[in-house]
Amino acid sequence: MRPNESLAVVVVALAICLVPAAHGAENAKGYIYDAIGEGSNAALVIDRASRYVEVQNKDDVHMGAMLTDLGGDYEDCGNKAFFCLAGALVVVIPKSMPMKQWQYHGLFCKSISEPRSDAFRITCRSRNYLGRPTYTYSLLRGVLSIESSPVTGGRERYVLRGERGLFSPGNNP
């Protein structure tokens with residue numbers, strides 16, 4: 001093998017090893033949820049460090065240096081009993097799931113368990129927000145999908161890219 005060929009083999013091997021590691025590292029920095037639906041190329045990106053959430057092009061997702069017109073700040077409004085985010089992203093989940101209904105931080109929420117799963121479909125309503133914040137929450141994997149959140153305008157459903165989402169065990173904002 002010539003020196004250039006062996007160098008190319010090393011570069012390709014390193015690229016194969018490093019790409020999955022970089023993609024997996026995104027969960028430590030934040031969460032990515034891809035819009036589903038025909039022709040949709042949007043992704044909802046939740047940056048843990050900056051506490052900012054925005055809609056980006058799913059082919060060019062990045063954490064940090066966000067702060068565009070398609071996003072906004074969120075605050076952690078959780079306590080001992082609830083996981084809670086408010087602002088551009090609205091999510092309230094009891095830490096002692098399953099619960100059928102609850103009220104916290106201006107939201108009234110109901111949950112329905114999904115068959116053959118540890119997940120719950122949660123729908124909320126609020127006087128402060130015209131939409132109906134809706135999400136799917138798994139006890140093991142965290143928030144699996146998000147709909148009708150202030151930052152998204154309620155137009156699309158976003159599903160988790162990866163294994164562990166927002167409020168998964170050990171991964172809280």
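What you are looking at is a predicted structure, and each value in this text was computed from that prediction instead of being measured. The residues of the chain are indexed from 1 along the displayed sequence.
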Gap between atom [atom2] of [Y] and atom [atom1] of [X] - 0.5 Å precision:
X	Y	atom1	atom2	answer
Leu44	Glu147	CG	CD	12.0 Å
Tyr74	Leu89	OH	CG	8.0 Å
Asp47	Asp73	CG	CG	11.0 Å
Leu144	Leu160	CG	CG	6.5 Å
Ile93	Cys84	CD1	SG	9.5 Å
Lys58	Asn41	NZ	CG	6.0 Å

Report task. Sort out for me which residue in Ile46, Leu85, Ile146 forms a side chain to side chain contact (heavy atoms under 4.5 Å, CB included) with Val53. Result -> Ile46
Query raised in the report: Donor-acceptor pair, Arg48 side chain versus Tyr31 backbone, under 3.5 Å?
Result: no
Looking only at heavy atoms, what is the nearest atom pair of [X] and [Y], with distance?
X	Y	value
Ala43	Ile32	CB-CG2, 4.3 Å
Asp76	Arg51	CB-NH1, 3.1 Å
Ser117	Ala119	OG-N, 3.0 Å
Ser126	Gly106	OG-O, 3.2 Å
Ala42	Glu156	CB-OE2, 4.1 Å

Query raised in the report: After noting the C-alpha distance and the side-chain angles of Leu107 and Val90, does the key distance pass the side-chain contact (heavy atoms from CB on, under 4.5 Å) rule?
Result: CA-CA 9 Å; Leu107 289 167; Val90 177; 3.3 Å; yes
Requested in this report: Flag the pair Val143 / Phe83 as yes when at least one side-chain heavy-atom distance between them is below 4.5 Å, and no otherwise.
Outcome: no
Query raised in the report: Hey, are the side chains of Tyr158 and Ile36 touching, using non-hydrogen atoms and a 4.5 Å cut-off?
Result: no
Requested in this report: Tell me, please, which residues at least two apart from Leu139 pass side-chain contact (heavy atoms from CB on, under 4.5 Å).
Outcome: Met97, Asp118, Phe120, Tyr137
Query raised in the report: Hey, are Arg132 and Thr123 close enough side-chain-wise for a donor-acceptor pair under 3.5 Å?
Result: no
Query - From CA spacing to verdict: side-chain contact (heavy atoms from CB on, under 4.5 Å), Arg161, Val61 - result: CA-CA 11 Å; Arg161 176 192 293 184; Val61 170; 3.9 Å; yes
Query raised in the report: Are His62 and Val45 close enough, and set up right, to give a side-chain contact (heavy atoms from CB on, under 4.5 Å), and what steps lead you there?
Result: CA-CA 8 Å; His62 57 278; Val45 180; over 6 Å; no
Query - side chain to side chain donor-acceptor pair (under 3.5 Å) partner of Ser145, the single match among Asp34, Thr134, Thr136 - result: Thr136
Report task. Examine Met99 and Val91 and state if one hydrophobic cluster contains both, with Ile, Leu, Val, Met, Phe, Trp and Tyr joined whenever side-chain heavy atoms are less than 4.5 Å apart. Result -> yes
Report summary line: Residue pairs passing the side-chain hydrogen bond (donor to acceptor under 3.5 Å, both in side chains) test with at least one member in residues 97-114, sequence neighbours excluded, are Asn79-Tyr104
Report task. Could you go through the side-chain contact (heavy atoms from CB on, under 4.5 Å) check for Leu166 and Tyr33 one step at a time? Result -> CA-CA 10 Å; Leu166 187 62; Tyr33 292 82; 3.6 Å; yes
Query raised in the report: Does NZ or CZ of Lys95 come closer than 6.0 Å to the centre of the six-membered ring of Phe82, within 45° of the ring's axis?
Result: no
